[in-house]
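Labels below follow one simple rule: chain letters A, B, ... track the order of the sequence lines, proteins then strands, and each chain is numbered from 1.
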Protein chains: 2
Amino acid sequence: MPSRALPYRPHNHDDCVSQALTDAREICQQKNARLTPTRERVLELIWQSHKPLGAYDVLAELTSEGHNAAPPTVYRALDFLQQHGLVHRIASLNAFTGCAHAGEHHTGMFLICRACGNVLELTDTSVAKAIHDATGAEAFRTEAITLEVAGLCPGCHTGPHHE
Amino acid sequence: MPSRALPYRPHNHDDCVSQALTDAREICQQKNARLTPTRERVLELIWQSHKPLGAYDVLAELTSEGHNAAPPTVYRALDFLQQHGLVHRIASLNAFTGCAHAGEHHTGMFLICRACGNVLELTDTSVAKAIHDATGAEAFRTEAITLEVAGLCPGCHTGPHHE
DNA sequence: GCAGAATTTGCAACATTATAACATTTGCAG
DNA sequence: CTGCAAATGTTATAATGTTGCAAATTCTGC
Ligand SMILES: [Zn+2]
Ligand SMILES: [Zn+2]
Ligand SMILES: [Zn+2]
Ligand SMILES: [Zn+2]
């Protein structure tokens, strides 16, 4: 089980970032998509932690690095990254997080801790099946699923310093 | 099966509205919550159709009726209605829709047609169970679930004027 | 390499959604 | 009636996201 699936536990996060960037380069190359410096830097910023980042947070980072950026700069980069399955938008937070399953066909399910702010992306086939069964029973043609669960992660609800 | 569960099919929508208002009055009375004229009017506006309404759409309606309203007027009414389980916010649309299961403990699942804009709220126990199983396996303490499915409703994907 | 097409970026203004802060009014209990 | 809490009015502002167009860059066919 890759450490990338465990944002709530201590792990070498540099590996998360470098793996995400390596994957992204490969995915873009295979699709003939241009992972330009700005796009790659935005992806890297998004991956700086497992806490989703708002578009204007990204913008502030770019600006502080001397990049002459405006909102469209960021939104365009984020659109590109979303299109190619490299980041997800978390609708309930108006924020963006790196995709933990880039390249794989999947339905993301996001576990959002309201205490520490970290987000874990899960893929669960039985959830996906249950949803498709339910929508199918209504003859609804599913195109996109937004599934975000807010609550407390194990690290936060067992008490930060006990157990 | 109540007609309220079938926004995609022709139905007597006035019944939806009056039932929702009747339910709301009873629920608020039982909880000793004050369903003031503004709050009730906002609820009625939300229920005017099965298409979610943005806060500023509600505001425009109120204004056109001569109500001296500002954004906080609407957001406060919507907060109240959400708190008491009378409306839901659809995160992926930044819009609000009447709760089709007010008073019942439920996990809403929203089927959003991108063509006609109608939203059907479903409650599906096997979906809820699958989600709770998946989050439980990660020792995550679930507090709120956002589940929104975008796609095409039966009326829109079978062709608007055929079978 | 070079001209032309397509994609990407810079830039300014603007649109939409949501909240903060504080004054005023209203409903209700004692 | 009085005093308190809840609700509302009012103004301003914050946060998030988009449009439109011009300039620069990159790709493509030659
Ligand atoms: Zn990590
Ligand atoms: Zn993903
Ligand atoms: Zn109806
Ligand atoms: Zn509901």
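Remark: P of D:dT16 and CG of A:L93 are 11 Å apart, rounded to the nearest angstrom. Atom CG of B:L78 is separated from atom C1' of D:dT8 by 15 Å (rounded to the nearest Å). For the pair A:N68 CG and D:dA22 C1', the interatomic distance rounds to 15 Å; values are reported in whole Å. Atom CZ in A:R76 sits roughly 14 Å away from atom P in D:dA22 (whole-Å rounding). Taking atom CZ on A:F96 and atom C1' on D:dA15, their separation rounds to 13 Å, with Å as the unit. The separation between B:R89 atom CZ and D:dT16 atom P is 12 Å, rounded to whole Å.
For B:Q83 and B:D79, the side-chain atoms include no donor-acceptor pair closer than 3.5 Å.
With salt bridges taken as basic N to acidic carboxylate O contacts below 4.0 Å, one links A:R41 and A:E65. Using a cutoff of 4.0 Å between basic side-chain nitrogens and carboxylate oxygens, B:R25 and B:E40 are scored as salt-bridged.
When every heavy atom of A:L35 is checked against every heavy atom of A:F80, the shortest pair comes out as CD1-CE2, 4.1 Å. Closest heavy-atom contact between B:A134 and A:V127: CB-CG2, 4.1 Å.
Atom CG in B:L62 sits 10.5 Å away from atom CG in B:N68 (nearest 0.5 Å). Note that the CD atom of B:E61 and the CG atom of B:L53 stand 7.5 Å from one another [nearest 0.5 Å].
Note that the first and last nucleotides of DNA chain C, 5' to 3', having any atom under 4.0 angstrom from a heavy atom of chain B are C:dT17 to C:dG27.
Environment of CD in B:E143: crowded, with over 12 heavy atoms of neighbouring residues, nucleotides or ligands closer than 6.0 Å. More than 12 heavy atoms of other shown residues, nucleotides or ligands fall within 6.0 angstrom of atom CD in B:Q82.
Mapped onto DNA chain C by nearest heavy atom, A:T73 and B:A55 fall at different nucleotides, with A:T73 at the one closer to the 5' end. Residue whose closest nucleotide on DNA chain D sits further toward the 5' end, between A:A95 and B:Y56: B:Y56. Residue B:A77 is the one, among B:P71 and B:A77, whose nearest nucleotide of DNA chain D lies closer to the 5' end (criterion: closest heavy atom).
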Exercise. Could you please spell out the steps behind the ring-ring contact (aromatic ring centres under 6.0 Å, His included) verdict for A:F110 and A:H88?
Key: CA-CA 10 Å; A:F110 302 93; A:H88 294 286; 5.1 Å; yes
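Within residues 32-45 of chain A, the residues approached by DNA chain D to less than 4.0 Å at the level of any non-hydrogen atom are A:R34, in residue-number order.
Within the 4.0 Å cut-off from OP1 or OP2 of D:dT16, not a single side-chain nitrogen or oxygen of B:N94 is found.
Here the nucleotide nearest the side chain of A:Y75, chosen from D:dT16, D:dT19, D:dT11, is D:dT16.
Overall bending of the helix from C:dG1-D:dC30 to C:dG30-D:dC1, expressed as the angle between end axes built from five pairs apiece, is 40° (10° steps).
Ring geometry for B:W47 versus B:H50: interplanar angle over 60°, hence perpendicular rather than tilted (30 to 60°).
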